[in-house]
Amino acid sequence: MAAHAHAVKRYPGFWGWLWDWLTTVDHKKIGILYLVAGGLFFVFGGIEALLIRLQLMFPMNDLISEDFYNELITMHGTTMIFLAAMPVIFALMNAVVPLQIGARDVAFPFVNALGFWTFFFGGLLLNLAWLMGEVPDAGWTAYPPLATTAYSSHHGMDYYVLGLQIAGIGTLLGGINFMATIINLRAPGMTFMRMPMFTWASFITSALIVFAFPALTVGLVAMMFDRIFGANFFNVDAGGNIVLWEHIFWLFGHPEVYILILPAFGVISEVISTFSRKRLFGYSTMVFATILIAFLGFMVWAHHMFTTGLGPVANALFSIATMAIAVPTGIKVFNWLFTMWGGSIRFTAANLYAIGFIPTFVMGGVTGVMLASAPADFQYHDSYFVVGHFHYTIVGGLVTGLLAGIHYWWPKMFGRMLHEGLGKLSFWFYIIGFHLTFFVQHFLGLLGMPRRVATYLPNQGFDTMNLVSTIGAILMTVGIAVFFVNVVITSLKPRHAANDPWEDGRTLEWAIPSPAPEYNFKQIPLVRGLDAWWKEKMEGNKELPPAEPLGPIHMPSPSILPFIMGVGFFISGFGFMYNLVFAVIGLVIVLVCMALRSIFDDHGYHIEPEEPKKGEVAA
Amino acid sequence: MSAHEHHAGALPPEPEKATLEGRNKILGFWLFLGAETVLFGTLFSAYLAFRNSVLDGPKPEELFQLPMTFIMTVVLLVSSLTSVFAVQAMHRHKTGQMLGWMAVTIALGAVFLGLEIYEFNEYAHEGHRFTTSAFSSAFYTLVGFHGGHVAFGILWIGLVILQILKKGLTVVTAPKVYVSAIYWHFIDVVWVFIFTVVYLMGKV
Amino acid sequence: MTENHSASQPQTQRHRVEGPQKHIVVFVLSMVLTIIAFAAVAAGKVNKLFVIFLLLGMAIVQAFAQMAFWMHMKDRGHFFPIIGIVGGVFVVIMLVALALLWTWW
Amino acid sequence: MNRWHAGKKLALALMFGLFPLLAACGRADLSVLNPQGPVAQRQFDVLMVSVGIMTLVVVVVFALLIYVLVRFRRRRGDNSIPEQVEGNHKLEIIWTVIPIILLIILAVPTVGAIGKFAEDYWDDPNAVQVKVTAYQYWWEFEYPQYGITTAQELVVPIGKKIAFELVAGDVKHSFWIPAIGGKMDNNPGLTNRFYLEFPTPGVYRGRCAELCGPSHAYMDFKAKAVDQASFDRWVAAMQGPAVLPEDDNIREAFVSKCLTCHAVGDQGAPIGPNLTGLGSRVTVAGILFNDTPEQEYVIDPAKTEENIKVWLEDTQKIKPGNMMPSAVDLQLTQEQIDGIAKYLANYRLDYE
């Protein structure tokens with residue numbers, strides 16, 4: 001991760017390098033920070049997953065204790081969703097969206113850095129639970145009363161509540177930032193209906209974040225007040241009600257599922273279209289389908305609660321609403337297939353992941369429709385069938401999509417091409433391992449295995465399938481390990497990726513050098529249609545038409561304040577658990593930083609654009 | 001377009017929207033208010049769910065005093081109006097007037113906050129504490145979150161006043177005035193629903 | 001989405017100096033609605049369900065007026081602010097419906 | 001023991017693509033795919049409708065995908081630019097309308113079954129009422145019509161509607177007997193009602209489906225369906241006076257150490273699981289089986305005795321986090337342990 005030429009004052013050596021990364025407000029660098037942090041948490045979550053699978057490899061296995069097992073499942077779920085999947089999504093959004101809309105940066109570069117550091121310190125706080133020996137253990141859904149102090153008296157769930165609260169603030173800031181960026185910073189000519197599909201997906205995802213995360217915030221506040229200040233939201237004896245938590249959690253939680261999957265849809269649309277050399281089939285329908293999915297996503301949360309006892313009317317309504325989501329999703333799948341139809345499909349590693357996504361996600365989608373049927377869900381609910389289903393959507397869908405996106409945009413982010421052979425090898429290990437792991441889990445559920453069990457009795461017909469599942473998990477691990485090897489090998493190679501390394505790039509990011517210069521575009525481009533870069537290439541142009549004359553480029557100054565604010569939140573999180581004085585100190589740090597940011601105007605600095613250098617354009 | 005293109009004395013008619021940064025700020029803040037709407041909505045739904053879970057504590061109709069609530073409502077409503085006047089003064093580039101109205105706004109906000117603290121104190125003496133019941137927890141969380149927003153608004157507008165005194169009204173400071181005013185109105189609108197749903201409907 | 005103006009263009013706005021009249025009208029309206037609301041509750045003899053709907057109706061009218069005028073949502077260029085608030089309100093409606101339905105159930 | 005129906009199995013195997021591991025549809029007393037009662041059968045029918053529709057969708061997508069990948073792969077040296085198709089409204093309408101039709105086909109039986117399962121038989125005089133209270137890692141079954149309470153092993157008559165009222169005593173649990181019917185949650189502070197039917201006599205495995213703590217995996221119970229005459233005899237036996245250990249020393253220990261939390265018949269305290277007729281139960285603590293490998297669910301009292309001792313020796317080892325102290329903490333002598341185990345293993349209700 002080398003830093004490139006920087007026009008502001010830079011300090012030499014390691015500390016200068018570190019300072020550069022701690023203070024950066026450049027969306028491309030923040031994207032890399034998100035990718036590194038997300039990758040780190042992904043490794044944590046992956047180790048947890050592997051331990052879970054090893055424990056379940058044999059009946060009545062005693063590799064790990066029941067307590068530890070519950071800690072593992074809780075941390076695995078929480079880490080993977082909030083600390084691995086979300087940041088990698090933000091990594092791609094940061095790396096790509098400003099480039100795709102022809103912008104120099106996001107709307108709020110400072111807030112962008114703040115969002116990252118807040119997320120990072122929230123995640124760190126949550127994972128410090130391992131070191132402190134008091135680990136969350138009530139499942140990632142944290143249903144009370146199991147998650148209240150009456151049944152979980154140690155600080156484990158406090159780490160969950162406070163860590164997620166802090167990470168959630170970061171995510172909310174990111175969501176607002178990307179909405180504002182996409183609304184206000186599109187290049188001239190880039191109308192909404194000319195935006196690349198990934199940008200659309202990012203826009204809708206950001207909107208979902210803005211409207212869904214506050215509900216989680218309130219849920220976590222209520223849980224925190226219950227746990228720390230003796231409130232009674234979920235205390236049945238004092239008139240509280242546990243179902244409130246389930247409603248609030250899933251009112252956030254279901255949109256969260258679409259927050260996760262929509263960016264993957266966006267990635268697939270880009271990758272498949274590029275490697276088929278064809279424009280996206282039915283672009284406007286795709287946009288409409290995305291909006292519809294997001295809208296319906298808010299009206300289906302109670303399908304996670306069919307067995308809670310909401311009554312037949314609610315169950316019927318939520319069943320039908322849930323089934324309705326299958327329609328726009330189905331439209332998307334067929335539009336991808338017909339994007340490839342008549343195209344000229346190139347099987348790069350990125351495209352393999354994207355193509356692998358389609359059947360895998362379809363299988364996750366159809367089991368989703370099966371789950372939507374409330375009476376049958378009485379059987380599936382909280383069984384391994386559900387585990388199989390949501391791993392098909394979140395791993396088979398989201399993670400596969402993210403891996404496609406990472407392979408696809410890696411040259412734009414780092415200026416180097418990932419090794420194709422290793423990429424393909426990792427794909428085959430990953431996809432075969434994935435299906436081995438999770439396909440059998442549907443049947444385990446149907447044969448009567450509940451989820452979240454630390455072990456199971458022999459002689460119930462579970463043994464073989466659990467063994468197969470564990471072998472699959474090991475294969476998947478190999479696939480991911482090959483990917484990491486690929487990353488390491490690639491980082492050692494020279495940085496010589498071309499502007500448009502896939503040669504069939506369609507959108508604006510492929511018109512500029514890889515990696516993009518600090519200011520992205522020397523001149524803000526004029527966008528003349530959908531797939532703007534493709535259009536220019538087809539007309540024989542070597543560059544985008546500029547929308548402004550060459551001139552000094554204004555850049556925002558780096559700042560250490562976002563990092564300090566993250567630290568402030570971190571201190572305050574600890575303080576809420578152990579000593580309220582520190583909670584206050586942490587929050588005061590945050591407020592003081594906010595005031596400092598307001599008082600001292602950021603005048604930024606200017607980059608004088610040089611004449612095009614030969615070295616900048618790849619030979 | 002950067003802040004440097006505008007110099008003092010050549011302030012545009014709507015200085016808050018003169019720069020891209022200003023427009024970004026206003027848009028981003030509106031989106032934040034969308035999130036705040038959900039935040040308060042969730043708190044309202046928790047309150048509504050628990051409005052009857054009073055246990056041994058005082059019931060809402062015994063607890064709430066209409067005259068007090070009415071005074072608080074009027075104070076906040078007037079402060080919202082003075083906040084509009086501040087923005088109007090800004091549009092006319094009358095910095096002094098603007099600062100005056102902002103000062104009035106935060107003064108009224110402080111009165112509101114003082115009354116709320118007094119009110120909470122009274123309730124606690126009547127046995128309506130944070131931990132009494134699910135109803136009391138939900139009440140204090142909802143109304144307390146609103147009070148926290150008022151307190152933050154006072155600090156914020158105060159800081160903006162100090163900045164204007166130091167830097168004057170420019171295209172950099174104008175968006176701060178505008179955005180803090182929008183925030184203040186939003187708090188007032190939330191209070192409209194609090195006095196309706198919590199206090200008045202609790203007395204019906 | 002029919003919105004297709006390019007947002008990076010500076011918005012050219014004509015200078016209109018607003019008088020305070022409209023805002024005072026909104027203030028008076030808000031005050032009147034507030035007084036009616038408090039009076040309806042203080043009177044205490046009216047039909048309960050009617051009062052609740054009256055209170056909610058008046059709160060919505062008052063909030064709407066304040067957002068339209070004081071928060072300038074009626075002005076041009078407020079498409080996305082409206083989306084933001086409407087989106088939030090949509091989620092809130094789901095939430096409040098949830099709270100009410102579930103406590104009745 | 002696995003009485004699966006050949007036709008159903010064949011259909012399933014075809015549907016799921018002849019998955020070799022699905023050699024059987026699982027245990028008849030446990031599997032969703034092997035329904036043993038009308039509720040589970042109806043749920044299975046909805047499942048099959050959805051599996052049918054979804055298989056169709058998956059087959060179409062896979063076929064299209066494979067065709068596209070083979071037919072339109074890029075040949076070496078091919079630099080032609082394909083036609084940039086914008087879309088096709090006719091096609092898009094087709095793949096909007098067909099899924100809607102498929103979903104309606106699924107929605108109709110779904111809504112019908114929701115209505116069916118929402119029927120409340122609690123006040124039906126012909127139904128048997130069972131109040132199920134779930135505690136951390138054990139189940140209490142109260143029969144308000146008969147004034148009796150048992151634990152861990154639900155005994156029900158065949159052919160009647162069993163009306164359940166579900167509640168939790170501590171954290172949230174979920175009551176699930178897969179072969180008989182889908183689950184319903186036991187919520188603290190809220191009651192849920194639903195019903196099940198057991199047409200065939202036999203033992204069915206039930207379990208907790210909601211994460212409830214470290215021993216969630218061990219929170220199993222059994223449902224024993226017997227004919228009406230046997231059920232009546234069982235009720236009568238349960239209603240009868242408690243049988244206490246004959247040996248004075250053992251009785252004294254049992255009353256002072258066990259009956260402070262447990263109950264037998266009309267004696268003891270209703271804090272922990274009721275122990276009346278423990279010797280007739282298939283398991284100790286829900287997971288230690290008292291039967292022999294040769295004959296499933298035929299109780300061997302010697303094994304019961306052994307299991308009770310295993311349980312008493314270290315309850316936290318069998319079910320971590322449960323509330324029951326081990327023998328050491330109760331200061332039971334080895335002689336008392338043996339005596340109590342023998343007494344409980346032989347405390348059988350003669351009803352079958």
Side-chain angles (χ1 to χ4, degrees), chain A residues 66-67 70 139 143 145-146 151 236 242 277-279 281-282 285 307-309 312 315-316 319-320 323 326-327 330-331 333-334 337 340-346 358-359 362-363 366 369-370 373-376 378-379 381-382 440 443 446-448 450 452-457 460-461 464-465, chain D residues 21-22 26-27 30-33 43 46-47 50 54 57-58 61-62 64-65 68-69 72-74 78 81-85 87 92 95-96 99-100 103 106-107 110-111 113-115 117-118 171-172 174 178 182-185 187-189 192 207 209-217 287 320:
Chain A
E66 292 82 355
D67 287 297
N70 284 356
Y143 277 12
L146 189 62
Y151 298 96
V236 175
I242 59 157
R277 271 190 192 156
K278 260 189 78 199
R279 69 173 273 171
F281 190 89
T285 322
T307 67
T308 302
N315 280 3
S319 276
I320 289 170
M323 288 179 190
V327 177
I331 292 172
V333 170
F334 283 103
L337 289 174
M340 293 192 277
W341 186 287
S344 170
I345 304 168
R346 194 175 148 204
I358 295 176
V362 166
M363 288 166 75
V366 297
V369 177
M370 292 172 72
S373 174
F378 291 164
Q379 289 284 21
H381 180 82
D382 266 344
V440 290
F443 296 96
L446 294 177
L447 297 190
R452 295 168 160 176
V453 287
T455 187
Y456 49 93
L457 294 171
Q460 299 190 103
T464 321
M465 283 192 257
Chain D
L21 288 168
L22 202 70
R27 298 177 60 102
L30 179 62
S31 173
V32 173
L33 301 179
Q43 288 162 340
V46 175
L47 183 154
S50 61
M54 295 309 142
V57 172
V58 169
V61 171
F62 274 52
L64 250 176
L65 180 68
V68 166
L69 291 182
F72 299 108
R73 66 185 191 280
R74 189 177 302 178
D78 175 6
I81 302 296
E83 192 197 343
Q84 302 293 306
V85 185
E92 287 177 299
W95 59 65
T96 310
I100 291 176
L103 290 173
L106 178 58
T110 295
V111 173
I114 289 173
F117 295 146
V171 303
K172 195 175 158 86
S174 191
K183 60 189 77 61
M184 190 60 86
D185 290 355
N187 296 310
N192 276 330
R207 47 196 34 163
E210 182 66 59
L211 179 67
C212 54
S215 287
H216 165 55
I287 50 164

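Below, read A as the first sequence line, B as the second, and so on, with proteins coming before strands; counting in each chain starts at 1. Quick note: numbers below take in every heavy atom, side chains included, and nothing from hydrogens, waters or symmetry partners.
- Contact of E92(D) with chain A is made through the side chain alone, with heavy-atom distances under 4.5 Å.
- The shortest distance between side-chain heavy atoms of L106(D) and M370(A) does not fall below 4.5 Å.
- Both the backbone and the side chain of D67(A) come within contact range of chain D, with heavy atoms under 4.5 Å apart.
- A search for side-chain contact (heavy atoms from CB on, under 4.5 Å) contacts involving I81(D) returns R277(A), W534(A), M538(A), Q84(D), not counting sequence neighbours.
- In this structure, N192(D) and T307(A) have side chains that are not in contact, with every pair of non-hydrogen atoms separated by 4.5 Å or more.
- M363(A) pairs by the side-chain contact (heavy atoms from CB on, under 4.5 Å) definition with Y392(A), H435(A), F439(A), F62(D), not counting sequence neighbours.
- The shortest distance between side-chain heavy atoms of Y143(A) and V171(D) does not fall below 4.5 Å.
- Between K172(D) and P145(A), the shortest heavy-atom contact is N-CD, 3.9 Å.
- Put simply, the side chain of R74(D) gets close to the backbone of S344(A): a donor and an acceptor are under 3.5 Å apart.
- Among all heavy-atom pairs drawn from P375(A) and F117(D), the shortest one is CB-CE1, 3.5 Å.
- Comparing A374(A), A454(A), P312(A), G461(A) by heavy-atom pairs within less than 4.5 Å of chain D, the highest count is held by P312(A).
- Ring planes of F334(A) and W95(D): parallel class, angle under 30° (limits at 30 and 60°).
- The greatest number of non-hydrogen atom pairs below 4.5 Å with chain D, out of A376(A), G330(A), G343(A), is found for G343(A).
- Taking each heavy atom of S373(A) and V46(D) in turn, the nearest pair found is OG-CG1, 3.1 Å.
- For D185(D) (side chain) and G309(A) (main-chain N/O), no donor-acceptor pair under 3.5 Å exists by modelled atom type.
- Proximity to chain A involves both the backbone and the side chain of V61(D), based on heavy atoms less than 4.5 angstrom apart.
- Listed options N315(A), T285(A), I358(A) were ranked by heavy-atom pairs under 4.5 angstrom with chain D; first place goes to T285(A).
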Next item on the list: Test side-chain contact (heavy atoms from CB on, under 4.5 Å) on E83(D) and K278(A) and set out the steps.
Entry: CA-CA 7 Å; E83(D) 192 197 343; K278(A) 260 189 78 199; over 6 Å; no
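- Taking all atoms of both residues into account, the shortest heavy-atom contact from L146(A) to G213(D) is CD2-N, 3.9 Å.
- Only the side chain of L457(A) comes within less than 4.5 Å of a heavy atom of chain D; its backbone N, CA, C and O stay farther away.
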Note to self: Please determine whether side-chain contact (heavy atoms from CB on, under 4.5 Å) holds for the pair V362(A) and L65(D), giving the CA-CA distance in whole Å, both sets of side-chain angles, and the decisive distance to 0.1 Å.
What the structure shows: CA-CA 11 Å; V362(A) 166; L65(D) 180 68; over 6 Å; no
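- Per-residue heavy-atom pair counts under 4.5 Å with chain D were compared for G139(A), P359(A), S319(A), A326(A), and the maximum is reached by P359(A).
- Considering all non-hydrogen atoms of both residues, K183(D) and Q379(A) come closest at NZ-O, 2.8 Å.
- Here the side chains of V57(D) and V369(A) are not in contact, with every heavy-atom distance at 4.5 Å or above.
- Of the atoms belonging to P188(D), heavy atoms from both backbone and side chain fall under 4.5 Å from chain A.
- Here the closest non-hydrogen pair linking S31(D) and L447(A) is OG-CD2, 3.5 Å.
- Within the 4.5 angstrom heavy-atom criterion, only side-chain atoms of I320(A), from C-beta onward, approach chain D.
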